[in-house]
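As structure tokens, the structure follows; a few thoughts come after it.
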Amino acid sequence: VQLADPEVVGTNNLKFKEGADKLGYSAGLLRRNAKECDGSGLCAFGCPIDAKQSMNVSYVPEASKLGATIYANCLAEKIVVDNGRATGVLGHFVDPDSGRKTKSVEVGAKIVVLAAGAIYSPYFLLKNKLANSSGQVGKHLRIHPCAGAAALFDEDICCWDGIPQSTYVDEFFEQEGIMLEGGATPPGVQSNALPYAGKEHAKLMSQFSKMAMFGSMVSDTTEGSVKALPFYHKPIMLYNLNKDDIRRLQLSLVYLTEIWFAAGAKRVYPMIAKMSELTSSKQVEELKGLKLMGNDFFITAYHPMGTCRMGNDPTKSVVNVNCETWDVKRLFICDASVFPTSLGVNPQMTVMAIATRTAAYFEGILSQK
């Protein structure tokens, strides 16, 4: 993990930092888990040169070297429980072309770890009717709602060129739980978030090389839920932004707009239904005064957390401080679902830390006779 290389940060991110610096805001280069990054701009879609140290080039090969057996194209169906203790997993292999079930598989284990993320971990438990004596499985979903603003400049920015997310502004994090982070995507993706339709949209897209993008992320206080319905084989997610999170999303757009104008933008597009564009920094007060609802924003969301929360009270949580479920011994949940609150930052490092800590705890269990 190291600071983003200034050589491949990209004009888009440097422009935003320039505006933040002019306003005296705390800003800098993000730390990233990428080796020899060449700024191809496709981080969110899989690094084409494997510079990003994702699981396929880091933990999975390391686990294999240490003796792990990895089953590809395999779905877990059921956790086997004997006398209140998890003893294995039942599942089946899937044909990758047709999606059809092929062979069944049963794995016996001294310890079972569920790590399917904050959406599928609770869904799996609910489908198995396990570890939910507290009634907390699937509750307290947090998702880090994000907004964004585009800006039009006189010169070429080529926002798709370079690291999409390489700079940040944390000036508003302590007081408001708002982080501003780069978020440019290729033209075919970004076009969906820009305003207008027909000829107006086509005209705007014809100037895409001169457009810059940046995003905001809110440490949400809204709580959603994940549910499993009978005869429906996918999780159902419910999440409605509360008033305070709507207020902070709106405020984040105000900050983004101010910074873009400070950086020299001619127009700013805040990606909300009630105000398609601003042509002057004088309109920022108008943006601040709008009465907005959740569906007025073009929102994306990241980092689902919290649906199998950790705690000291078995009536109010799903796992204990060692990530073991209160109801089923030797069944551990080790992913972002165990977080009791929203982190406000990318949870990857925290998940890794909890996984490492939990693995060390396993050593103690397995050494016991």
Side-chain angles (χ1 to χ4, degrees), residues 1-4 9-10 12-33 43-44 118 140-151 163-184 212-224 239 241-263 268 270-272 284 287-288 292 294 297-306 309 336 338-354:
V1 176
Q2 56 193 346
L3 287 175
V9 161
N12 181 76
N13 289 279
L14 292 176
K15 262 298 185 194
F16 192 81
K17 186 177 181 301
E18 178 186 321
D21 290 342
K22 285 182 179 179
L23 294 174
Y25 293 153
S26 172
L29 296 178
L30 283 168
R31 294 184 178 275
R32 305 176 64 248
N33 61 335
C43 305
H140 315 292
L141 173 66
R142 304 291 187 89
I143 58 169
H144 283 166
C146 299
I163 303 170
Q165 194 175 63
S166 56
T167 57
Y168 70 89
V169 174
D170 62 357
E171 179 76 19
F172 318 105
F173 184 71
E174 290 297 326
Q175 291 294 322
E176 293 286 357
I178 296 171
M179 283 288 290
L180 307 182
E181 297 181 353
M213 314 283 171
F214 219 80
S216 66
M217 184 174 76
V218 167
S219 181
D220 54 332
T221 57
T222 300
E223 289 193 350
Y239 187 95
L241 283 168
N242 65 32
K243 290 183 179 179
D244 190 56
D245 286 349
I246 290 172
R247 177 190 67 81
R248 290 186 296 140
L249 274 174
Q250 182 173 357
L251 187 58
S252 75
L253 289 176
V254 169
Y255 295 143
L256 289 170
T257 301
E258 288 176 335
I259 292 171
W260 276 137
F261 278 124
V268 175
M271 300 183 198
I272 51 173
V284 172
L287 172 61
K288 191 183 298 184
L292 299 177
F297 296 85
F298 184 92
I299 293 180
T300 56
Y302 306 89
H303 318 143
M305 300 168 280
R309 57 175 17 186
V338 303
F339 298 168
T341 59
S342 172
L343 296 190
V345 295
N346 187 316
Q348 183 185 49
M349 294 295 286
T350 310
V351 172
M352 289 178 175
I354 288 176

Taking side-chain hydrogen bond (donor to acceptor under 3.5 Å, both in side chains) as the definition, give me every residue that meets it alongside Glu176, ordered by chain and number, with sequence neighbours left out.
Arg247
Residues in salt bridge (Lys or Arg N to Asp or Glu O under 4.0 Å) with Arg31, at least two apart?
none
Any side-chain heavy atom of Pro304 sitting closer than 4.5 Å to one from Leu141?
yes
Of all the heavy-atom pairs spanning Ile163 and Asn13, show the shortest one and how long it is.
O-ND2, 2.9 Å
Nearest non-hydrogen partners of Trp260 and Ala149, listed with the distance
NE1-O, 3.2 Å
Under the rule for side chain to side chain contact (heavy atoms under 4.5 Å, CB included), what residues qualify as partners of Leu29, not counting sequence neighbours?
Leu3, Pro6, Val9, Thr167
Under the side-chain hydrogen bond (donor to acceptor under 3.5 Å, both in side chains) rule, collect the residues that match up with Asn12, sequence neighbours excluded.
none
Suppose we screen for salt bridge (Lys or Arg N to Asp or Glu O under 4.0 Å). Which residues come up paired with Asp170, at least two apart in sequence or across chains?
none
Specify the closest pair of heavy atoms between Met213 and Ala150, including all atoms of both residues, with the distance to one decimal.
SD-CB, 3.4 Å
Under 3.5 Å donor-acceptor pairs involving side-chain atoms of residues 340-347, not counting sequence neighbours:
from   : atom 1 : to     : atom 2 : distance (Å)
Ser342 : OG     : His144 : NE2    : 3.2
Ser342 : OG     : Ser219 : OG     : 3.1
Ser342 : OG     : Asp220 : OD1    : 3.1
Asn346 : OD1    : Gln348 : N      : 2.9

Residues that Lys243 engages under salt bridge (Lys or Arg N to Asp or Glu O under 4.0 Å), provided they are two or more places apart:
none
Main-chain N/O of Ala262 paired to Glu18 side chain as donor or acceptor, under 3.5 Å
no
Glu223: salt bridge (Lys or Arg N to Asp or Glu O under 4.0 Å) partners, not counting sequence neighbours:
Arg142
Do side-chain atoms of Glu181 reach the backbone of Tyr168 as a donor and acceptor pair under 3.5 angstrom?
no
Can you name the closest pair of heavy atoms from Leu292 and Ile272 and give their distance?
CD1-CD1, 4.2 Å
Qualifying residues under ring-ring contact (aromatic ring centres under 6.0 Å, His included), relative to Tyr25, sequence neighbours excluded
Phe172
What's the separation between atom OH in Tyr255 and atom CG in Leu251, rounded to the nearest 0.5 Å?
3.5 Å
Are His140 and Phe339 close enough that some pair of their side-chain heavy atoms sits under 4.5 Å apart?
no
In chain order, what residues pass the side chain to side chain contact (heavy atoms under 4.5 Å, CB included) check against Ala147, with sequence neighbours excluded?
Ser216, Leu249, Ser252, Leu253
Student check: side-chain heavy atoms of Ile259 and Leu180 closer than 4.5 Å:
yes
Looking at every heavy atom in both Ala27 and Asp21, which two are closest together, and how far apart are they?
CB-OD1, 4.3 Å
Would one find more than 12 heavy atoms of other residues, nucleotides or ligands at under 6.0 Å from atom CE of Met349?
no
Hits for side-chain hydrogen bond (donor to acceptor under 3.5 Å, both in side chains) against Glu258, two or more places apart or cross-chain, chain-then-number order -> none
Parallel, tilted or perpendicular, judged at 30° and 60°: which one describes the rings of Phe16 and Phe214?
parallel
Who are the side-chain hydrogen bond (donor to acceptor under 3.5 Å, both in side chains) partners of Arg248, not counting sequence neighbours?
Asp244, Asp245
Close side-chain approach of Phe297 and Pro145, heavy atoms under 4.5 Å:
no
dist Asn33:CG -> Met352:CE (nearest 0.5 Å) comes out at 6.0 Å
Shortest non-hydrogen contact between Ala184 and Pro164, atoms and distance
O-CB, 3.3 Å
